Engineer: 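Below: one structure in structure tokens.
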Amino acid sequence: MGALQLHIELQDIRPKVWRRVLVPETITLVHLHLVIQRAFQWGGHHLHEFEGADGQRYGTSDPDYDPPGSVRSERTRFTSAMVSGKLDYLHDFGDDWRHRIKLEKTLGPLPGMTLPQCVGGANAAPPDDCGGEPGYMDFVQAMSDPSHAEHDDMKAWIGRDAWDPAAFDLHEINTWLAEIKL
């Protein structure tokens with residue numbers, strides 16, 4: 001079985017946060033959702049959807065939230081949903097984290113390599129539930145300034161003494177990805 005090399009970039013945020021991942025060519029959107037969650041080190045407990053360039057929406061069935069015309073992601077392969085070489089992914093309908101997914105390459109079989117695999121990226125993804133782009137910018141500012149009025153509260157909330165928006169640990173991300181059984 002062959003593999004796909006995907007470039008996944010979080011939109012509307014600076015510095016750019018992106019991941020390059022290798023996935024099986026037969027991956028479904030529901031499994032790609034898991035890959036994105038792990039590659040960006042999110043918890044996976046928020047609603048999500050994919051949207052093709054043709055406007056078709058794909059998601060996990062939820063009658064309270066599904067827009068009319070949504071297609072279930074469990075039955076849809078990435079290659080079927082991909083139109084014009086890109087697909088959008090929305091994570092967390094409250095924080096509104098939008099990602100652009102681009103198919104960079106179609107590869108042949110990769111003997112001895114377990115997929116999915118992250119092979120590149122840059123910068124730390126925002127923590128879950130930080131309030132979208134404006135909340136994340138406030139969070140970074142508070143965490144980078146010990147005299148900031150919210151510094152101690154943010155440290156307690158995130159459970160760390162420091163936050164480095166430029167952090168990217170390929171080994172740690174691949175450890176998270178190894179938990180996915182495709």
Side-chain angles (χ1 to χ4, degrees), residues 1-11 13 16-67 69-129 168-182:
M1 168 179 23
L4 304 173
Q5 180 176 300
L6 306 179
H7 182 272
I8 306 165
E9 185 174 302
L10 190 54
Q11 302 293 288
I13 193 166
K16 287 286 187 190
V17 177
W18 61 272
R19 305 291 182 261
R20 179 168 287 118
V21 296
L22 302 178
V23 297
E25 65 186 349
T26 58
I27 195 166
T28 62
L29 293 180
V30 73
H31 285 113
L32 183 56
H33 159 69
L34 295 174
V35 169
I36 295 168
Q37 289 295 296
R38 299 293 183 172
F40 284 80
Q41 297 178 290
W42 284 324
H45 55 272
H46 289 287
L47 293 173
H48 72 280
E49 74 176 3
F50 292 89
E51 183 176 356
D54 60 355
Q56 179 63 59
R57 296 177 184 273
Y58 307 87
T60 303
S61 183
D62 187 331
D64 292 334
Y65 295 99
D66 283 348
S70 290
V71 176
R72 293 182 64 153
S73 62
E74 293 89 342
R75 296 190 187 117
T76 305
R77 288 189 180 188
F78 170 78
T79 53
S80 298
M82 177 58 76
V83 176
S84 302
K86 69 178 180 68
L87 185 70
D88 290 334
Y89 170 78
L90 172 61
H91 160 67
D92 187 346
F93 292 178
D95 282 0
D96 197 37
W97 294 115
R98 296 182 180 277
H99 304 70
R100 173 66 41 91
I101 305 167
K102 293 181 183 174
L103 172 60
E104 290 185 322
K105 293 181 190 177
T106 300
L107 307 166
L110 301 170
M113 182 178 276
T114 304
L115 299 178
Q117 191 80 214
C118 184
V119 294
N123 299 310
D128 267 327
D129 300 320
F168 173 75
D169 186 333
L170 185 64
H171 176 73
E172 184 177 350
I173 289 170
N174 279 319
T175 300
W176 281 48
L177 287 170
E179 298 173 4
I180 299 173
K181 305 299 179 222
L182 301 179

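Numbering of residues begins at 1 and proceeds along the displayed sequence. Source: prediction; values computed, not measured.
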Engineer: Would you mind listing every salt bridge (Lys or Arg N to Asp or Glu O under 4.0 Å) that reaches into residues 16-43, with sequence neighbours excluded?
Structural biologist: Glu9-Lys16, Arg20-Glu104, Arg38-Glu179

Engineer: How about Tyr89 and His33: does a side-chain donor come under 3.5 Å of a side-chain acceptor?
Structural biologist: yes

Engineer: Give, for atom OG1 of Thr175 and atom CG of Leu170, the distance between the pair rounded to the nearest 0.5 Å.
Structural biologist: 9.5 Å

Engineer: Might you work through the side-chain contact (heavy atoms from CB on, under 4.5 Å) test for Leu32 and Ile101, ending with a clear yes or no?
Structural biologist: CA-CA 10 Å; Leu32 183 56; Ile101 305 167; 4.1 Å; yes

Engineer: Please report the shortest heavy-atom distance between Leu107 and Leu22, naming the atom on each side.
Structural biologist: CD1-CD2, 3.7 Å

Engineer: Just jot down the side chain to side chain contact (heavy atoms under 4.5 Å, CB included) partners of Asp92, sequence neighbours excluded, or say none.
Structural biologist: His46, Asp95, Trp97, Asp129

Engineer: Shortest non-hydrogen contact from Ala3 to Leu110?
Structural biologist: CB-CD1, 3.7 Å

Engineer: Please give me the minimum heavy-atom distance between Ala125 and Trp42, naming the atom from each residue.
Structural biologist: CB-CZ2, 4.0 Å

Engineer: Mind running side-chain contact (heavy atoms from CB on, under 4.5 Å) on Phe78 and Val23 for me, showing each step along the way?
Structural biologist: CA-CA 10 Å; Phe78 170 78; Val23 297; 5.9 Å; no

Engineer: Could you walk me through whether His91 and Ile36 satisfy the side-chain contact (heavy atoms from CB on, under 4.5 Å) test, starting with their C-alpha distance in whole Å, then the side-chain angles of each, then the deciding distance to 0.1 Å, before giving a yes or no?
Structural biologist: CA-CA 9 Å; His91 160 67; Ile36 295 168; over 6 Å; no

Engineer: If you define the side chain from C-beta out and look only at heavy atoms, does anything of Phe168 sit under 4.5 Å from Ile173?
Structural biologist: yes

Engineer: Evaluate the side-chain proximity of Pro116 to Ile27: yes if any heavy-atom separation is below 4.5 Å, no if none is.
Structural biologist: no

Engineer: Sequence neighbours excluded, which residues qualify as ring pair (Phe, Tyr, Trp, His ring centres under 6.0 Å) partners of His7?
Structural biologist: Trp18

Engineer: Under 4.5 Å between any side-chain heavy atoms of Pro126 and Phe40, yes or no?
Structural biologist: no

Engineer: Between CZ of Arg100 and CG of Leu87, what distance do you get to the nearest 0.5 Å?
Structural biologist: 9.0 Å

Engineer: Which value, rounded to the nearest 0.5 Å, describes the distance between Gln11 atom CD and Arg98 atom CZ?
Structural biologist: 9.5 Å

Engineer: Checking Asn174 side chain against Cys118 main chain: does a donor-acceptor pair fall under 3.5 Å?
Structural biologist: yes

Engineer: Any side-chain heavy atom of Thr76 sitting closer than 4.5 Å to one from Thr28?
Structural biologist: no

Engineer: If you round to the nearest 0.5 Å, how far is NZ of Lys102 from CE of Met82?
Structural biologist: 10.5 Å

Engineer: If I take atom CG from residue Leu29 and atom OG1 from residue Thr79, how far apart are they, to the nearest 0.5 angstrom?
Structural biologist: 9.0 Å

Engineer: So, for Pro24 and Leu4, which heavy atoms are closest and what is the spacing to 0.1 Å?
Structural biologist: O-CD1, 4.3 Å

Engineer: Taking C-beta and beyond as the side chain, do Gln117 and Leu177 meet within less than 4.5 Å on heavy atoms?
Structural biologist: no

Engineer: Under the side-chain contact (heavy atoms from CB on, under 4.5 Å) rule, what do Tyr58 and Val30 come out as? Steps first, then yes or no, please.
Structural biologist: CA-CA 9 Å; Tyr58 307 87; Val30 73; over 6 Å; no

Engineer: If the plane angle is over 60° it's perpendicular, under 30° parallel, otherwise tilted; pick one for Phe50 and His48.
Structural biologist: perpendicular

